[in-house]
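I have placed the structure first, in the form of C-alpha cells, so that the comments after it can refer back to it.
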Number of protein chains: 2
Amino acid sequence: MAALKQKISEKTVERLSVYRRHLKELQKKGKTRVYSHELAQIVAGTPAQVRRDLMQVGGNGCSSKGYEINLLSDEISELLDYPEKQNVALIGVGNLGRALLGFFSGSRENFDIVATFDNDPDKCGRIICGRRCYNADQLKKIVGEKKISTAILAVPAEAAENAVKDLIDAGVKAILNFAPKHITTNSNVFIQTIDMTMALEKAIYFSHKNTYAKESQHERNRKNYQSTF
Amino acid sequence: MAALKQKISEKTVERLSVYRRHLKELQKKGKTRVYSHELAQIVAGTPAQVRRDLMQVGGNGCSSKGYEINLLSDEISELLDYPEKQNVALIGVGNLGRALLGFFSGSRENFDIVATFDNDPDKCGRIICGRRCYNADQLKKIVGEKKISTAILAVPAEAAENAVKDLIDAGVKAILNFAPKHITTNSNVFIQTIDMTMALEKAIYFSHKNTYAKESQHERNRKNYQSTF
DNA sequence: CTCTAGTTGTGAAATAATGCACAGCGTGAA
DNA sequence: TTCACGCTGTGCATTATTTCACAACTAGAG
Ligand SMILES: NC(=O)c1ccc[n+]([C@@H]2O[C@H](COP(=O)([O-])OP(=O)(O)OC[C@H]3O[C@@H](n4cnc5c(N)ncnc54)[C@H](O)[C@@H]3O)[C@@H](O)[C@H]2O)c1
Ligand SMILES: NC(=O)c1ccc[n+]([C@@H]2O[C@H](COP(=O)([O-])OP(=O)(O)OC[C@H]3O[C@@H](n4cnc5c(N)ncnc54)[C@H](O)[C@@H]3O)[C@@H](O)[C@H]2O)c1
C-alpha cells in the first residue's frame, strides 16, 4: 500500500474528481471493474497518469482485473470528501447565481448550498430554489451559525474584491470565484477563479492556431486535444 | 524584438487574456504605463513570468518606465484576436445558456454570439437576448452560412457527446464545453471543458487541507494561493 | 502445471513551467 | 556629465508534471 498522507497535487485532485464522477456512471451501468486505460480516455490522459493518480488514493488495482469500481470510488471519496457534508454559501443571486444554485442543488452527497446572499432588497428575504436569501450584511453571522466552509462568488466584478474580504473575514476557507477578476489574498484561503471570458478567448485563439497540434513525432493517437479546464 | 511566430503555450495564452482585460481597466483609469510586478499581482505570479509572457507578444517594455499600456494591449490583441470578429454559437439555451448569453452579449470587440440552438420546440424560433434560436437540426446549415468558428456548449451531459460530433461535423473549430463530461475527439478541434463540479469539489477539498500551503522555506510573500482556473 | 497475454505499480527519463539573478539600459537627480 | 536606482530581457537553475519502460503479478488456456 502506498504512503497515505502525501501531499496531493492540485492537478491530481482535479482528475480524481473527474474519475469519481465517471466511476459512478459506470456503477449505474452495472460495471464492476475498470482498467486504467479506460479511465485515461476520460481525462484525455495516459494510462500511466491514471495509475499514478490512483496510487495516491491507496492504489489497489489488481493485475489483469483492473480496479474495482465500488472500492475505488469509495477510496476517492474518503480522500476528497469529509465525514460531514460541507456547507456552502452562494454570494450573488443573479443570472449566473441562480443557474448555479439550480445546478448544485441536485442531490449532492458531499456538500450542500445552505444559504444564499445578495444585497438587492428585492431578493433578500425571499426563498430562491428552496434556499433562503439573506442580506449580504448577515454574512458573518450566518457563516458562523451554519459552519459554512466554502463560498461560491457570483457578484459583479466590481464587488468581488470586497466580497472576498468579507468572506475571509467571516471565516470561509475556500472560494470559487466566477467574477472575471483574479483576486489575491495573503490569508491561506483557497481561491479558485473560473474565468469564462478567458476560457472563451482561449478557445477562439486555438480555433485557428491549430498549430496547437504540436502532436510531435510519436503519434500519440489516444490523446486528443482537450484540457481539463 | 523577440521571435514572432513561436508556439505560445496554453498557459501563456490564458494569462495574456487576463493581462489584456486588466490593461483595459487601467486605460479607463487613465494610466498609461505599467510595470511587470503590477501585472504579476493580478495573476498571482512573479514579475519574471509576466515579462516572459510579454516577450512573446513582442516585448516592448522600457527600462524604468515599464510597458506602455495602449501599445501592449494592442499587441496582445493582435496576437490573440483575428482581423475579423469571430462568430460564436451557443448550443443549449437553458439556465446556464441564457446566463452565458446575457453575459457574453455585452459589447465584445473580438467575438459575437450570432446564433443559438436548442432542441426544445418551445425555444426554437424565438428570439432570446436578441439572438435567434434555431432548431438544433439547422446546425450545419447555419454554422456554414454564418461562418461560425467556435461554439459554447451548454446542453445536458447526456447530449454533450453527440452535440460535439455534430459541431465538429458542422465545421466548428473550437468548443467551450460546460457539460460535466470530458469529451474526446481525434479531430484537431480544440475542446475546452469548464467543469464546475470539479472546481467546487476541488475548492472544498482545499478548504481544509490548507496543507495545500506548501509554502516552502523561501517564503514567497507575494504569491498567494490562487489559480487561474 | 506451464505458458501467454495483459495489467498494475513505480523508478527513472523526459518534458514543461516557473523562478532566480544579473547584465544592460533609461531616467532623474546632482 | 556622472551616478545611482529600478526595471526589462533572458540564460540558467529549479521545480512540477508527464511519460516511458519494465519487473512483478494475475487469470485463463491448454
Ligand atoms: N452570467 C454569466 O453567465 C457569467 C459568466 C461568466 C462570469 N460571470 C460573472 O459572474 C458574476 C455574476 O454574473 P451575473 O450574470 O449573475 O450578474 P447579475 O448582475 O445578474 O447578478 C449579480 C448579483 O449580485 C448581486 N450583488 C451585487 N453586489 C453584491 C454584493 N456586494 N453582495 C452580494 N450580492 C451582490 C446583485 O444584486 C445581483 O443579484 C459577474 O461577476 C459576472 O461577470 C457571469
Ligand atoms: N446551470 C448551471 O449553473 C450549470 C453549472 C455547471 C454545469 N452545467 C452544465 O451545463 C449544461 C446545461 O445546464 P443547464 O442548467 O442550462 O441545463 P438546462 O436543462 O436548463 O438546459 C439545457 C438546454 O439544452 C437543451 N438541449 C437538450 N438537448 C439538446 C440538444 N441535443 N441540442 C440542443 N439543445 C439541447 C434543452 O432543451 C435545454 O434548453 C448541463 O450539462 C449542466 O450539467 C450547468
Side-chain angles (χ1 to χ4, degrees), chain A residues 1-4 6-16 32-40 43-69 71-72 75 212 214-223 226-229, chain B residues 1-4 6-16 19 33-41 43-69 71-72 75 212 214-223 225-229:
Chain A
M1 179 175 311
L4 258 192
Q6 286 190 44
K7 200 172 43 201
I8 296 185
S9 88
E10 236 176 292
K11 294 266 176 91
T12 296
V13 170
E14 292 180 358
R15 284 186 298 256
L16 286 176
T32 60
R33 314 200 72 99
V34 68
Y35 296 121
S36 61
H37 66 262
E38 298 177 278
L39 287 173
V43 294
T46 61
Q49 184 174 60
V50 172
R51 294 200 293 273
R52 248 263 139 143
D53 288 337
L54 296 187
M55 264 179 46
Q56 310 237 337
V57 302
N60 38 39
C62 173
S63 307
S64 306
K65 288 195 305 182
Y67 299 85
E68 204 195 320
I69 292 180
L71 179 59
L72 187 54
E75 282 179 335
Y212 164 63
K214 54 217 170 164
E215 187 112 47
S216 45
Q217 58 282 36
H218 49 212
E219 193 55 19
R220 31 168 131 181
N221 44 7
R222 53 194 153 9
K223 161 137 192 185
Q226 186 183 59
S227 61
T228 300
F229 235 116
Chain B
M1 178 175 311
L4 258 192
Q6 286 190 44
K7 200 171 41 200
I8 297 184
S9 87
E10 239 177 290
K11 294 263 174 95
T12 296
V13 170
E14 293 179 358
R15 285 188 298 257
L16 287 175
Y19 299 147
R33 313 201 74 97
V34 68
Y35 295 121
S36 60
H37 66 263
E38 300 176 275
L39 288 172
Q41 285 200 305
V43 293
T46 60
Q49 183 174 61
V50 172
R51 293 200 294 272
R52 206 146 272 219
D53 288 337
L54 296 187
M55 265 179 46
Q56 310 236 336
V57 301
N60 247 317
C62 172
S63 308
S64 315
K65 289 196 304 183
Y67 299 85
E68 204 193 321
I69 292 180
L71 180 58
L72 186 55
E75 282 179 336
Y212 166 62
K214 54 217 170 160
E215 187 112 47
S216 45
Q217 58 282 36
H218 49 211
E219 192 55 21
R220 29 169 132 181
N221 44 8
R222 52 195 155 6
K223 160 135 191 186
Y225 314 131
Q226 186 185 59
S227 62
T228 301
F229 235 120

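Both backbone and side-chain heavy atoms feed into the values below; hydrogens, waters and symmetry mates do not. Lettering of chains follows the sequences in order, A, B, ..., and the numbering in each one begins at 1.
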Closest non-hydrogen atoms of B/Tyr19 and B/Leu54, given as atom of the first, atom of the second and distance, are CD1-CD2, 4.0 Å
Below 4.0 Å: OP1/OP2 of C/dT27 and any side-chain N or O of B/Arg33:
no
Check every atom of D/dT10, C/dT7, C/dG26 against the side chain of A/Tyr35 and return the nucleotide holding the closest atom.
C/dT7
Does A/Tyr67 put a side-chain nitrogen or oxygen below 4.0 Å from OP1 or OP2 of C/dG9?
yes
Nearest-Å distance, CD (A/Glu68) to C1' (C/dT7)?
16 Å
Would you kindly give the CG-to-P distance between A/Leu39 and C/dG9, to the nearest whole Å?
12 Å
Check the distance between D/dT8's C1' and B/Leu72's CG and give it to me in whole angstrom.
13 Å
Can you check the B/Glu38 CD to D/dC7 P distance for me, whole Å?
9 Å
Looking at B/Ser36 and B/Val50, what are the two nearest heavy atoms and their distance?
O-CG2, 3.8 Å
Without decimals, in angstroms, what is the distance between B/Gln56 CD and D/dG9 P?
12 Å
Ignoring the backbone of B/Lys11, work out which of C/dT18, C/dT7, C/dC20 is nearest its side chain.
C/dT18
Base C/dG19 to side chain B/Thr46, donor-acceptor N/O within 3.5 Å cut-off
no
Contact list (N/O, under 3.5 angstrom) for nucleotides 11-13 of chain D vs protein:
unit_1 : atom_1 : unit_2  : atom_2 : d
D/dG11 : N7     : B/Arg52 : NH2    : 3.3
D/dG11 : O6     : B/Arg52 : NH2    : 2.6
D/dC12 : N4     : B/Arg52 : NH1    : 3.3

To the nearest angstrom, how far is B/Gln49 atom CD from D/dT8 atom P?
14 Å
Side chain of B/Ser64, base of C/dT27: donor and acceptor closer than 3.5 Å?
no
So B/Asp53 and B/Ile8, side chain to side chain contact (heavy atoms under 4.5 Å, CB included) or not? Walk me through it.
CA-CA 9 Å; B/Asp53 288 337; B/Ile8 297 184; over 6 Å; no
Atom-pair distance (CG on B/Asn60; P on C/dG26), nearest Å:
13 Å
Hey, does the side chain of B/Arg51 come within less than 4.0 Å of D/dT8's phosphate (OP1/OP2), counting only N and O?
yes
Does A/Tyr35 use its side chain to pair, donor to acceptor, with the backbone of A/Ser64 at less than 3.5 Å?
yes
Nearest 0.5 Å, please: how far is CZ in B/Arg52 from CD in B/Gln49?
9.5 Å
Spacing between B/Glu10 atom CD and D/dT18 atom P, to the nearest angstrom
12 Å
A/Ala48 side chain, from C-beta outward: closest of D/dA21, D/dT18, C/dT18
D/dA21
Let's see if you can work this out: which of C/dT27, D/dA21, C/dA17 has an atom nearest to the side-chain heavy atoms of B/Lys65?
C/dT27
